[in-house]
Amino acid sequence: MDIFEFKVKASGEEITCWLASPESSKLHAKSGLLLNISATRQYALLDPTQNHPTEPFLDAGHHVLSFDLPHHGDRVKQDYSNAITTGDTDGHIKAMGKAFMNGEDPFIQFVEDGIAALDACLEKGAATSNGLIVAYGVSRAAYCCLRLAAVDTRIRAIAGPSPVTDWSLLPEFDDHVDRSITERLHIGNWVDQLADRAIYLSVGSQDNIVGVEACAQFAMDLFNKQEQILPTGTLYNQLHVVNSPSHSPSERSRLDATDYLLTFMQSSI
């Protein structure tokens, strides 16, 4: 895997980005770009438990971009680092909540990060021939990708296994944020902006972390909006409620999400 590291600035913060490119023999005139977001860029591109779409996209001749989520990896801030202890993955969500209440909105930051990173990739020649850009993220990363897509119309499809849709359901975040403010973060508030995108959602039938009903309601809101604005028979999004007792999506769900995005890339060429 050929990884090129570069930096962008967003909201006064310097963000380290990784751009993985396919072998030169696999590049073609229709090569596109996947924004693959996990907790960190290392997880998204290198960790076999998290990087499911990376190799398939590279094999298909597409580029893969990643950077760390706010308050994750290289971006843990000292002011909020006391919320994070070794091995405590939820500590990052606590830090995001504390930062949010301090006026440092991590989701707006992510949107600005994503726009700057995509701008830089396009300047470097990734996906310039067809403009095909898609995004993948799990759980909190799925929410962030959806928020970015709601603002940046260059992202044409999003796959979000086990997506956070309602931050009030996550006590690690909600305990630090006023509930009236948390409600304004519900991803359903961006249905109108997302209705013309291809969106894949999956959630475990017993996922009491992000909430099955919250995910299903968001999907239905999308269905209803798409039915209003799109030609008959062109509903884009999918919802899969899968047989899973936990929050972490299965490998099968991750691969299905990957296939959905690859199929979208192929059908859009």
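Not measured: the values here are computed from a predicted model.
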Should the pair Tyr260 and Tyr200 be assigned to parallel (<30°), tilted (30 to 60°) or perpendicular (>60°) ring geometry?
tilted

If every non-hydrogen atom of Leu58 is compared with every non-hydrogen atom of Pro22, which pair is closest and at what distance?
O-CB, 3.2 Å

Would you mind reporting whether Cys144 and Leu69 have side-chain heavy atoms less than 4.5 Å apart?
yes

When you compare the side chains of His247 and Ser139, does any donor N or O come within less than 3.5 Å of an acceptor on the partner?
yes

Tell me, please, which residues at least two apart from Leu46 pass side-chain contact (heavy atoms from CB on, under 4.5 Å).
Met1, Ile3, Trp18

Can you tell me which residue among Leu19, Leu65, Asp68 is in a side-chain contact (heavy atoms from CB on, under 4.5 Å) with Arg41?
Asp68

Got Glu13 and Glu104 here, is their nearest side-chain heavy-atom distance under 4.5 Å?
no

Indicate, with yes or no, if Val191 and Leu194 share a hydrophobic cluster defined by side-chain heavy-atom contacts under 4.5 Å among Ile, Leu, Val, Met, Phe, Trp and Tyr.
yes

Can you check whether Tyr136 reaches Phe57 side chain to side chain, under 4.5 Å on heavy atoms?
no

So Phe100 and Phe173, would you call those rings parallel, tilted or perpendicular, with 30° and 60° as cut-offs?
tilted

Quiz question: by atom type and distance under 3.5 Å, do the side chains of Ser162 and Arg254 form a donor-acceptor pair?
no

Surrounding NZ of Lys9 (heavy atoms of other residues, nucleotides or ligands, distance under 6.0 Å), is the total greater than 12?
no

Does any N or O in the side chain of Asn36 come within less than 3.5 Å of the main-chain N or O of Ala44, such that one atom is a donor and the other an acceptor?
yes

Show the nearest heavy-atom pair for residues Val212 and Val241, with the distance to one decimal.
CG1-CG1, 4.3 Å

Lys225 bridged to Asp221 by N-O distance under 4.0 Å
no

Going only through I, L, V, M, F, W and Y residues with side-chain contacts under 4.5 Å, is there a path from Leu201 to Leu169?
yes

Are the side chains of Pro249 and Val138 in touch, meaning some heavy atoms are under 4.5 Å apart?
yes

I'd like to know if the side chain of Arg197 and the backbone of Ala149 have a donor-acceptor N/O pair within less than 3.5 Å.
yes

Is any side-chain heavy atom of Ile158 closer than 4.5 Å to one of Leu148?
no

Would Lys124 count as a cation-pi partner of Phe6, with NZ or CZ less than 6.0 Å from the six-membered ring centre and within 45° of the ring normal?
yes

For Phe107, does the CZ atom sit with more than 12 other heavy atoms under 6.0 Å from it, leaving out its own atoms?
yes

With side chains defined as the heavy atoms from C-beta onward, is the minimum distance between His71 and Val76 less than 4.5 Å?
no

Quick check: do His28 and His62 have side-chain heavy atoms less than 4.5 Å from each other?
yes

Could you report the tightest heavy-atom contact between Leu132 and Met265, atom names first, then the distance?
CD1-O, 3.6 Å

Can you give me the closest heavy-atom contact between Thr165 and Val210, atom names plus distance?
OG1-O, 4.4 Å

With a 4.5 Å limit on heavy-atom distance, are the side chains of Ile187 and Tyr143 in contact?
yes

Contact summary for Asn189 and Gln193, nearest pair of heavy atoms
O-OE1, 4.0 Å

Under 3.5 Å donor-acceptor, Gln226 side chain and Ala195 backbone:
yes

Does a salt bridge link Arg75 with Asp113, judged by any charged N lying under 4.0 Å from a carboxylate O?
yes

